[in-house]
Every structure is written in C-alpha cells, then in structure tokens.
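Predicted model only: the values in this text are computed from it and were never measured. Chain naming here is simple, since letters A, B, ... match the order of the sequence lines and numbering starts at 1 in each.
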Amino acid sequence: MKIATWNVNSIRTRLDQVSDWLQSSGVDVLCLQETKVVDADFPRSRFEDLNYHLVISGQKAYNGVAIVSRQPLQSVSRGFAPVVGDAIADDLDDQKRVITGIIGGIRIVNLYVPNGSSIGSDKYQYKLRWLLVLRQYLQMLLDADEFKDVEKAPPKILVCGDFNIALEDIDIYKAKGRETHIMSSDAERQALRDILELGFADVFRKFTDEGGHFSWWDYRAGSFPRNHGWRIDHHYLTPALYERAVDCCIDVAPRKLTKPSDHAPVVVEV
DNA sequence: ATGGCAGTTCCTAACTGA
C-alpha cells in the first residue's frame, strides 16, 4: 500500500494538480493538509468521480485536513477530543488539524502541526502545547482496544503530515542559526522527540542517510531552484510497519509546476 | 539585516504561513 502526505496550500487552488498527481502517482491513500476550506465547499465530487473515498475536516481560510483513499476508512475521528477527551483537548480542536481512520489494518493519523510563527510568540506556545496533547493522543491510540483484539497483534500506526519541524540539521539547507529559527528550535525538536519515543520512527531515514532532501521550499528568494529547503513533512511508523516498509521518497515533480504548493508530497510504501 | 511569495477574507490591506 502506498500512502502519501502533501500540504497542498488550498485544495481549491490546487485541485487540478492534486487530482492529476493522485492518478499519476498511483497512491492508495493521500493525506492532505492546509485544505483551507469549510467542509460544505470541499470539492468532493472531483475525487468521488475518480472513485476515491474522502474524509475531511476543514475550516474557513486556514488549516484543514483530509484523507483521500481507494478503499473507505473505518473508525474515523476528527480532532483530539474523541480520543483524549474534552478536558485535555481544551480549545485545540477549534483549529482543524487532526483526522484519522483505519485502512488495510493500518491506523493512519493525518496531522497539520501548528507553524508557531516565531520563537516565544503566542503561536509558539500554542505549538508546544499542541505537541504535548498530540503525545497524549498518540499514547491513547497505541493503547487502544483495536490493537488488542487479534492475539495481541502489535499496533500498526502511521502518523504523517506537515510537522513544521526539522528534527536534524541535515534536514535544513543551512543549519546555521537554526536555534533561533521557527521549526528548528531545541524546544520544538525535543517536543517531537518526546512523541517519537512512544515508539515511532522516521521511515524516510530507513532508506536515505544523507542530507539535501527537502519537502518544503519558501516561495520567496528563489528557494526551490537553489534547493534551499527544509524536510518538515514526515511519515512516522510503529515498528511493525517500519520493518515492512519498502520505500519512502519525496516527489519534487509537483513543486516544479506553475503555481505549485510550497510543499512536495512524501510517499511511503508499506 | 531585510525582504522576497502565495492564499484567504472582514477582499485592493491585513493576516498567516514557514
């Protein structure tokens, strides 16, 4: 099964590119972020006409996530609250950044992690608070009954999306000054490491050791032709899935098109 | 050091993004 994550920076603006790539890439599941549209206005028919299933959680202008899949998803939930409860979710579900469902025995979690704006800002504090709740959310998914039915089968969870965090210096075109830059500060990295310690691994690094591979390039200053990018879109897998993964790569082709998203899709095959 | 580009709405200015 091929699963992709792609921040499309508005599904309506990118609809032709997304539907073209969906077909040409041959992925079975496509996790979208920054759809930037309320559910009532999501261009569902484009995907349904191509015989894909769709689950969405959007809002006006900002954020928004969706999962497009060949087979229907089971056990779908939106936001943190259905898993961690209203008290822990607090106000974090006001922004639509989390959607999950099960397909082919794999729980797929599609995330749009807050950007954080700049270090020390209110949005930065929100990002760190959001990541703390994400850790609780994933802990509860790991402990969920759905993985205890079949002879204690190990959990098969794939957590993907736009994390807005580059975990290693080789994930940034220029690491100098990264401590004071959003997406690479120590606190953000530690928050993500604390999550991965629950039992998730970066499957891209199963296949690629060197730097210079990025998933996001700023629209400005000719960043893409200079390959001044960041690797901030990730697939994190539990061991049972990580072991069986056969490929993970970033498809830069859509980033070369006219009026592209600033992110490229990342595909994993398990 | 700064700004640069793109998408959206409270739409021709201000915001958010990363």
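For the pair Glu34(A) CD and dT16(B) C1', the interatomic distance rounds to 9 Å; values are reported in whole Å. Atom CD1 of Ile182(A) is separated from atom P of dT16(B) by 14 Å (rounded to the nearest Å). Between the CG atom of Leu15(A) and the P atom of dT8(B) there is a distance of 12 Å, rounded to whole Å. Taking atom NZ of Lys174(A) as the reference point, atom C1' of dA18(B) lies 15 Å away to the nearest angstrom. In this structure, the CE atom of Met183(A) is 10 Å from the C1' atom of dG17(B), given to the nearest Å. Remark: P of dT16(B) and OH of Tyr126(A) are 13 Å apart, rounded to the nearest angstrom. Note: OH (Tyr62(A)) to P (dA14(B)) measures 14 Å, nearest angstrom. When rounded to the nearest whole Å, the span between CZ of Arg220(A) and C1' of dC5(B) equals 6 Å.
Straight-line distance between the C1' atoms of dC11(B) and dA6(B): roughly 15 Å, to the nearest whole Å. Annotation: dC5(B) and dC10(B) have their P atoms spaced 26 Å apart (nearest Å). Taking atom C1' on both nucleotides, dG3(B) is separated from dG17(B) by 15 Å, rounded to a whole Å. When the P atom is used for both dT8(B) and dA18(B), the distance is 14 Å, rounded to whole Å. Taking the C1' atoms as reference points, dT12(B) lies 15 Å from dG7(B), given to the whole Å. As rounded to the nearest Å, dG4(B) and dT16(B) have C1' atoms that lie 16 Å from one another.
Between dG7(B) and Lys259(A), a contact under 4.0 Å exists linking OP1 or OP2 to a side-chain N or O. Phosphate proximity of dA18(B) to Asn164(A): present, with a side-chain N or O under 4.0 Å from OP1 or OP2. Put simply, Arg14(A) has a side-chain N or O that comes within less than 4.0 Å of OP1 or OP2 on dG7(B). At the phosphate of dG17(B), neither OP1 nor OP2 sits under 4.0 Å from any side-chain N or O atom of His263(A). Distances shorter than 4.0 Å separate some side-chain N or O of Lys60(A) from OP1 or OP2 on dC10(B). Applying the 4.0 Å criterion to OP1 and OP2 of dA6(B), one finds that Thr13(A) has every side-chain N and O outside that range. OP1 or OP2 of dA18(B) sits under 4.0 Å from a side-chain N or O of Asn7(A). In this model, the phosphate group of dT16(B) is approached by a side-chain N or O of Lys123(A) to a distance below 4.0 Å at OP1 or OP2.
For Tyr219(A) and Phe224(A), the ring centers sit 6.0 Å or farther from each other. Taking the six-membered ring wherever Trp is involved, the centroid distance between the rings of Trp230(A) and Trp217(A) does not fall below 6.0 Å.
In this structure, Phe224(A) reaches neither bases nor backbone, as no heavy-atom distance under 4.0 Å exists between it and the strands shown.
For Tyr219(A), whose side chain is taken as the heavy atoms from C-beta onward, the closest listed nucleotide among dT9(B), dA6(B), dG7(B) is dA6(B).
Comparing Asn9(A) and Pro114(A) against DNA chain B, the residue whose closest nucleotide sits nearer the 5' end is Asn9(A). Comparing Gln95(A) and Ser10(A) by the nucleotide of DNA chain B whose heavy atom lies nearest to each, the residue mapping closer to the 5' end is Ser10(A).
Side-chain contact annotation: Glu188(A) with Ser185(A), donor-acceptor N/O pair under 3.5 Å present. In summary, the side chains of Lys36(A) and Asn9(A) do present a donor paired with an acceptor at a separation below 3.5 Å, with no hydrogens or angles considered.
Checking each of Asp162(A), Asp233(A), Asp171(A), Thr5(A) against Ser215(A) for a side-chain hydrogen bond (donor to acceptor under 3.5 Å, both in side chains) leaves exactly one that passes, namely Asp233(A).
A single hydrophobic cluster is not seen to contain both Val37(A) and Ile67(A); linkage of ILVMFWY side chains at heavy-atom distances under 4.5 Å, directly or through other members, places them apart.
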